[in-house]
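Sequence lines set the chain letters: A, B, ... in the order given, protein chains first and strands last, and positions in each chain run from 1.
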2 protein chains.
Amino acid sequence: MNQTTSPPSSEINPGSERILDAAESLFAEHGFNGVSIQQVANKSGISKATVFHHFANKQELYISVVRRACEGTMRLLQSLSSDAQGDALKQLGDYRQRDLSEIQAHASVVRLILRELTMGNESQAKQLVDDVFGEHFLRLKNLITRAQSHGQIRPDMDAGIQAHAIVSINIMLFLLWPVLHHLPDTPFSDIEHASRQTFRMLLEGIQTPAPSEKTIA
Amino acid sequence: MNQTTSPPSSEINPGSERILDAAESLFAEHGFNGVSIQQVANKSGISKATVFHHFANKQELYISVVRRACEGTMRLLQSLSSDAQGDALKQLGDYRQRDLSEIQAHASVVRLILRELTMGNESQAKQLVDDVFGEHFLRLKNLITRAQSHGQIRPDMDAGIQAHAIVSINIMLFLLWPVLHHLPDTPFSDIEHASRQTFRMLLEGIQTPAPSEKTIA
DNA sequence: TAGATGGCCGACCGATCGGTTGGTAGGGTC
DNA sequence: GACCCTACCAACCGATCGGTCGGCCATCTA
């Protein structure tokens, strides 16, 4: 009906990909229960029965969406730990920037994962998300540990705690942005600027202080 | 049926409160679309028609739930700004602790609000949540500004940025806890401890440094 | 005692849900 | 040609959805 210049069949998009594309954005915006198969079918320009031809049931479709979304994130974080030498502190800064870009570029996927994270234990997709996020977290933690061993980051604080803080600022900035940026006299006009500022603030606490006696209660 | 020692009628809970209680936990766990009025009716030991007797429709019920949940948070943050004198830095630490306790004590409400925050603009309850969260944020920001003027916190960084970081650590700790605490060799065994550690880490970056030349690129 | 009121409910409604069925159209193989 | 396989779909199914309706019953008022 509305498929513009559609090739005979299955040329650019093998069909099931079209369904996944449609389902991903819908699930991300409305959640599992907020989306009907009919909506997915309509959005992908396909009949409802065909959706069930490609996916056994709604749950399987949802998990396929989550899995595909996670694969994208996987690819990114592999590149993160690829360069195992070099200035670890600089890499940390690069990570912050790339992570924010990734979050913004794949906003719907991030929202999908976040939603999965906030859910109870009901979902089968939760374990999947846990794994991806867990691996992401561990890679970042390794990067920090490396920076610690190079003396660039204070080793008297747990790398996990530090990693959590770094992860949190970008995610929360993204999550709360709609609220933050229309606050009265807000400093949140540019998300990249806010992220950089927050990271700098974090660093000056994390970073090994200049060797002056500075102990804080 | 399962109402234990129920008084003749409307003694402890005026009926609609029972509905709100049931609806709150259900909405928090499954979201708006994941909960049916029938479930709310069952959980509150009341018929479905009676739910519609007290609330015009499902949307109104939902908004009532969110509004009541926000009222609890309102009360807390009013007590926050009540003591406008005293050690602002110490108050900040107290805030961190009380905020975490509040989050843990009202986990379902927090999840509800978080879910509302991550949603698109569709919901009518979003503005409500925005207001509450916005006010919460502003009060914290004022506290920080006060600490800055007292020279306890470095004034060369925006109070809004600092407030965002402080808010974020507790929320994200709570949000990611299920993932964090079953990570391999994790430092996340006690959430209060993790929160305190992170706050300390944050502070040592926020806090006015001892007057030694320490400029960081 | 008669009437009004409000909390409550069983039974029902049209719409939509997730999912199934039976079948069509087309390309590949022999 | 006969055969098969995959992609696809209109029509349908039972269940459940949000919501309505008419009436029961306990309490209050007079």
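Rounded to an integer number of Å, the gap from Glu17(A) CD to dA7(D) C1' is 15 Å. For Phe52(B) and dC17(D), the CZ to C1' distance is 9 Å, given to the nearest whole Å. To the nearest angstrom, P of dG18(C) lies 15 Å from CD of Glu60(A). We find that CD of Gln38(B) is positioned 10 Å from C1' of dC17(D), with the value rounded to whole Å. Rounded to whole Å, atom P of dG7(C) lies 12 Å from atom CZ of Phe55(B). Atom CD1 of Ile19(B) is separated from atom C1' of dC9(C) by 12 Å (rounded to the nearest Å). In this entry the distance linking CD1 of Ile37(A) with P of dA15(D) reads 20 Å, nearest Å.
At the phosphate of dG7(C), neither OP1 nor OP2 sits under 4.0 Å from any side-chain N or O atom of Thr50(B). Taking side-chain N and O atoms only, His54(A) has no distance below 4.0 Å to OP1 or OP2 of dT6(D). OP1 or OP2 of dC17(C) lies within a sub-4.0 Å distance of a side-chain N or O belonging to Ser36(A). Contact check, His53(A) against dA7(D): a side-chain N or O comes under 4.0 Å of OP1 or OP2.
Counting any heavy atom pair closer than 4.0 Å across all strands shown, Val40(A) reaches no nucleic acid atom. Using a 4.0 Å heavy-atom cutoff across all strands shown, Val51(A) reaches no nucleic acid atom at all.
Ion pairing between a basic and an acidic side chain is recognised when a charged N comes within 4.0 Å of a carboxylate O; Asp21(A) and Arg68(A) show such pairing. In summary, Arg200(A) and Glu204(A) engage in a salt bridge, as defined by a charged side-chain N under 4.0 Å from a carboxylate O. Note on Arg139(A) versus Glu135(A): salt bridge recorded, some NZ/NE/NH1/NH2 to OD/OE distance being below 4.0 Å.
Position along DNA chain C of the nearest nucleotide to Ala56(A) versus Gln39(A) favours Gln39(A) as the more 5'-ward residue.
Using cut-offs of 30° and 60° for the angle between ring planes, the Phe27(A) and Phe32(A) rings count as parallel.
Distance from the side chain of Ala49(A) is smallest to dC9(D) among dC9(C), dC17(C), dC9(D).
Donor-acceptor pairing under 3.5 Å, judged by distance alone, is present between the side chain of Lys48(A) and the base of dG18(C).
The side chain to side chain donor-acceptor pair (under 3.5 Å) test with Glu192(B) singles out one residue from Gln104(B), Gln197(B), Arg96(B), and that residue is Arg96(B).
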